Amino acid sequence: MNYDKKRFRAIQNTENGETSEETIFEYKQSGDILTSEYRGGQIRKGHLIGLVSKDGTIEMRYHQVNTKGELMTGICFSKPLIMDNGAIQLHETWQWTSGDNSGGISILEELMPN
């Protein structure tokens, strides 16, 4: 699976997370290395870097600055699901490595080109 030039939006998140439907991720992939810049909602700016396995799962690390001016960091594991319309959903399990170190789950959904 290749995520290069795909865009995603958070459609579900645990209450202690900062991403929302206003958060847009722009993915780039070279080989098995995935990067993304993201922003929107409670996030002023964020970046992630990860490794994509042959089955499309992603292990990543992220850092972001939220609207409160806090620098937040975390780890995330994403598992892809191909929907009937061909769009990718990423089912994620994540944990903060800053703040209260709590964890949660989220779902990102690919924004299909018009």
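This is a predicted model, so every value here is computed, not measured.
Judged by distance alone, the side chain of E110 and the main-chain N or O of I88 form a donor-acceptor pair under 3.5 Å. Listed for the R9 side chain is a donor-acceptor partner under 3.5 Å among the backbone atoms of E21. Using a distance-only test at 3.5 Å, with no hydrogens or angles considered, no donor-acceptor pair links the side chain of Q12 to the main chain of I107. Judged by distance alone, the side chain of T14 and the main-chain N or O of N16 form no donor-acceptor pair under 3.5 Å. At least one donor-acceptor pair under 3.5 Å links the side chain of T97 to the backbone N or O of T73.
Summarising the geometry, atom CD belonging to E70 is positioned 10.5 Å from atom CD belonging to Q64; distances are rounded to the nearest 0.5 Å. Here the CD-CG distance, from E109 to L81, works out to 9.5 Å after rounding to the nearest 0.5 Å. Considering CE of M60 and CG of L90, their distance stands at 7.0 Å, rounded to 0.5 Å. Taking CG of N2 as the reference point, atom CG of D32 lies at 11.0 Å (rounded to 0.5 Å). Remark: T19 OG1 to F25 CZ distance equals 5.0 Å, nearest 0.5 Å. Separating the OG1 atom in T67 from the CZ atom in R44 is a distance of 8.0 Å, to the nearest 0.5 Å.
Counting heavy atoms from C-beta outward, T57 and P80 have side chains that approach closer than 4.5 Å. Using a 4.5 Å heavy-atom threshold, the side chains of Q89 and I11 count as touching.
For I82, the CD1 atom counts as densely surrounded, since its 6.0 Å shell holds more than 12 non-hydrogen atoms of other residues, nucleotides or ligands.
Residues meeting the ring pair (Phe, Tyr, Trp, His ring centres under 6.0 Å) test with H91, sequence neighbours left out: none. In this structure W96 satisfies the ring pair (Phe, Tyr, Trp, His ring centres under 6.0 Å) test together with Y62, W94, sequence neighbours excluded.
Minimum heavy-atom separation, S20 to A10: O-CB, 3.2 Å. Residues G40 and T23 approach most closely at O-OG1, 3.2 Å, considering heavy atoms. Minimum interatomic distance between D4 and Q29 (heavy atoms only, all atoms of both residues): OD1-N, 2.9 Å.
Relative ring orientation between F8 and Y27 is described as tilted, the plane-to-plane angle lying within the 30° to 60° band.
Using a 3.5 Å distance cut-off with no hydrogens or angles, the side chains of E92 and S78 do pair a donor with an acceptor.
Note on F77: it does not cluster hydrophobically with L34, by side-chain heavy-atom contacts below 4.5 Å among ILVMFWY residues.
Salt bridge annotation for E26-K28: absent, with no cationic side-chain nitrogen under 4.0 angstrom from a carboxylate oxygen.
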